[in-house]
Asks: 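Mind having a look at this structure? Questions to follow.
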2 protein chains.
Amino acid sequence: MRTRRQRFSDSTKRALVDVAERLFTEHGYSATSLDAIVAGADVTKGALYHHFSGKQAIFEAAFERVESRATSGIAHATEGHQDPWLKAQAGLRAFLEAVQEPGYRQIVISDGPSVLGHERYREQEERSTYAIVDEIVRAVLTDTEWDLDDAMLDTFTRIFFGAMSAAGGSVAVSEDASAAALRVEAAIGFILAGLQRLLEDGAEPPDPARTARATSRR
Amino acid sequence: MRTRRQRFSDSTKRALVDVAERLFTEHGYSATSLDAIVAGADVTKGALYHHFSGKQAIFEAAFERVESRATSGIAHATEGHQDPWLKAQAGLRAFLEAVQEPGYRQIVISDGPSVLGHERYREQEERSTYAIVDEIVRAVLTDTEWDLDDAMLDTFTRIFFGAMSAAGGSVAVSEDASAAALRVEAAIGFILAGLQRLLEDGAEPPDPARTARATSRR
DNA sequence: TGAGAGTACGTACTGTCGGTATGTACCTGA
DNA sequence: TCAGGTACATACCGACAGTACGTACTCTCA
């Protein structure tokens with residue numbers, strides 16, 4: 001069991017991340033000073049540097065919190081679906097919801113890549129929202145006779161993840177968010193329908209080697 | 001005609017943007033100091049602040065240069081194609097090339113959104129690479145009987161642009177870039193083939209209203 | 001043609017902010 | 001009960017974006 005002292009320490013740390021998340025969301029990373037964070041949490045820089053190694057570290061803590069909220073929201077929406085295509089639809093809808101949250105937009109999408117650096121950013125995403133998209137994409141594509149390899153599945157996940165992120169961004173800035181979300185659902189649903197049609201028709205699976213040959217033949 | 005004095009002034013400005021682009025590319029926005037830029041260009045801060053309103057402004061100048069290089073590269077690759085589907089393929093290939101350039105990755109993709117802010121970032125993109133993608137997507141989709149409205153076409157452009165950006169990013173970080181690029185081409189080509197198939201089969205066009213009804217019926 | 005105005009910088013300084021060094025009260029376990 | 005560690009607070013430093021002001025040079029126009 002946690003001692004009294006640890007509980008106080010935990011609450012200090014939580015207060016710091018609370019304030020940090022709020023200020024990073026409202027003003028962005030660079031426009032948020034550590035002085036403002038510690039003032040908001042009613043502590044001093046000593047406390048902050050006791051719990052975190054620096055500004056980037058407390059940003060990452062806020063980042064993880066925002067991400068995990070988004071992830072659990074999407075995961076909750078997709079669970080219980082048997083049919084992978086329905087699961088994909090539910091996941092897409094939840095993703096579009098999550099990506100509209102101000103904290104997600106500012107901290108994860110806008111500041112995330114530049115503050116954490118590409119590498120760390122990707123690590124973080126790969127075990128949260130990206131992982132869910134990956135799971136859904138694999139569920140949809142391995143349920144076929146195409147027998148795609150891992151690299152090809154990864155490529156599809158990247159493409160869909162990027163498409164959904166961009167779509168989510170456009171939804172977030174549009175005047176009528178719900179109408180925009182419906183358009184996105186319709187468009188992606190349409191793309192999925194095309195894939196389904198190819199599947200039903202017994203089309204050849206996507207093959208990089210063939211693309212290469214087609215190219216070199218020019 | 002430009003006077004001797006203006007020519008000197010222009011060369012100073014160009015030197016500043018040259019150095020800024022290089023340093024921003026190598027070390028990122030925040031790790032690049034104005035002192036380093038002016039030292040590299042062999043001038044002082046007075047000169048920099050004479051030509052630019054501040055750090056963000058000189059970043060934007062570098063940003064525009066990198067973007068316009070990428071844009072002209074893609075535009076050059078797509079011109080001359082009659083068939084919109086072939087044009088799309090050529091554009092995709094050029095896009096995957098452009099997005100691998102270090103300057104584009106660091107300045108446009110990584111630092112761009114957070115430094116310029118979402119709004120300005122989108123303005124910038126909308127009149128460069130995004131515009132080309134938009135043109136291609138419209139060429140492909142308006143060449144059909146689906147008769148999609150503007151908002152729907154925009155949605156498709158956003159989705160494809162996001163997909164291609166993400167795909168480009170994954171190509172850039174992969175160990176075997178050319179193999180990864182081929183996979184991306186195969187995957188997106190496959191998605192396009194699905195759309196083509198739907199078109200040939202005379203499928204119903206994507207319709208947000210129908211998506212809404214399908215949702216509310218649950 | 002020369003004097004005033006504006007341009008294209010250079011120099012010196014300031015405020016802010018991330019980070020550090022050091023001190024201190026308190027708790028915990030032996 | 002006391003030594004050591006924890007959880008902070010305080011005071012300070014260096015880096016850096018931005019500013020104020022000075023200056024040399026150039027172009028224009030009377």
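What you see below is based on every heavy atom in this structure, not just the backbone, and it leaves out hydrogens, waters and symmetry mates. Each chain gets a letter, A, B and so on, in the order the sequences are listed, and its residues count up from 1.
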Asks: In whole angstrom, give the distance that lies between atom CG of Leu34(B) and atom C1' of dG10(C).
Replies: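 Answer to the nearest Å: 16 Å.
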Asks: Which whole-number value in Å describes the distance from Asp35(A) CG to dG15(C) P?
Replies: 16 Å
Asks: Under a 4.0 Å N-O cut-off, is there an ion pair linking Glu101(A) with Arg69(A)?
Replies: yes
Asks: Hey, is the side chain of Lys45(A) pairing donor to acceptor with the base of dG18(C) inside 3.5 Å?
Replies: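 Answer yes: a donor N or O sits under 3.5 Å from an acceptor.
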Asks: Please give, in whole Å, the distance from dT10(D) P to Leu48(A) CG?
Replies: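 Value for this atom pair: 15 Å.
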Asks: Per the side-chain contact (heavy atoms from CB on, under 4.5 Å) rule, which among Asp134(A), Val133(A), Ile132(A), Val137(A) passes with Phe161(A)?
Replies: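 The residue from Asp134(A), Val133(A), Ile132(A), Val137(A) that satisfies side-chain contact (heavy atoms from CB on, under 4.5 Å) with Phe161(A) turns out to be Val133(A).
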Asks: What is the nucleic acid contact for Ser11(B), judged by heavy atoms within less than 4.0 Å: base, sugar-phosphate only, or nothing?
Replies: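 Since no nucleic acid heavy atom lies under 4.0 Å of Ser11(B), the category is nothing.
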Asks: Using a strict 4.0 Å threshold on nitrogen-to-oxygen distance, state whether Arg183(A) and Asp207(B) make a salt bridge.
Replies: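 Judged by the 4.0 Å cut-off on N to carboxylate O distance, Arg183(A) and Asp207(B) do not form a salt bridge.
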Asks: Counting the atoms with a prime plus P, OP1 and OP2 as sugar-phosphate, which does Thr32(B) contact under 4.0 Å by heavy atoms, base, sugar-phosphate, or nothing?
Replies: sugar-phosphate
Asks: Would one find a side-chain N or O of Thr12(A) under 4.0 angstrom from OP1 or OP2 of dA7(D)?
Replies: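 No, Thr12(A) has no side-chain N/O under 4.0 Å of OP1/OP2 on dA7(D).
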Asks: Whole-Å distance between dA15(D) C1' and Lys55(B) NZ?
Replies: 11 Å
Asks: Using a strict cut-off of less than 4.0 Å between a Lys/Arg side-chain nitrogen and an Asp/Glu carboxylate oxygen, indicate whether Arg127(B) and Glu64(B) qualify as a salt bridge.
Replies: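 Yes, Arg127(B) and Glu64(B) are salt-bridged.
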Asks: Should Arg105(A) and Glu26(A) count as an ion pair when the cut-off is N to O under 4.0 Å?
Replies: no
Asks: When the distance from OH of Tyr29(A) to P of dG18(C) is rounded to whole Å, what number comes out?
Replies: 8 Å
Asks: Write down the distance between OH (Tyr49(A)) and P (dG23(C)), rounded to a whole number of angstrom.
Replies: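 The distance from OH of Tyr49(A) to P of dG23(C) comes to 20 Å, rounded to the nearest Å.
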Asks: It should be established whether His51(B) places a side-chain nitrogen or oxygen under 4.0 Å from OP1 or OP2 of nucleotide dC9(C).
Replies: yes
Asks: Please report, rounded to the nearest Å, how far the C1' atom of dG18(C) is from the CD1 atom of Ile37(A).
Replies: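 My rounded result for the distance is 11 Å.
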Asks: Please work out if Ser33(B) contacts a base, only the sugar-phosphate, or nothing of the nucleic acid, heavy-atom cut-off 4.0 Å.
Replies: sugar-phosphate
Asks: Tell me the interatomic distance from His50(B), atom NE2, to dG22(D), atom P, rounded to whole angstroms.
Replies: 18 Å
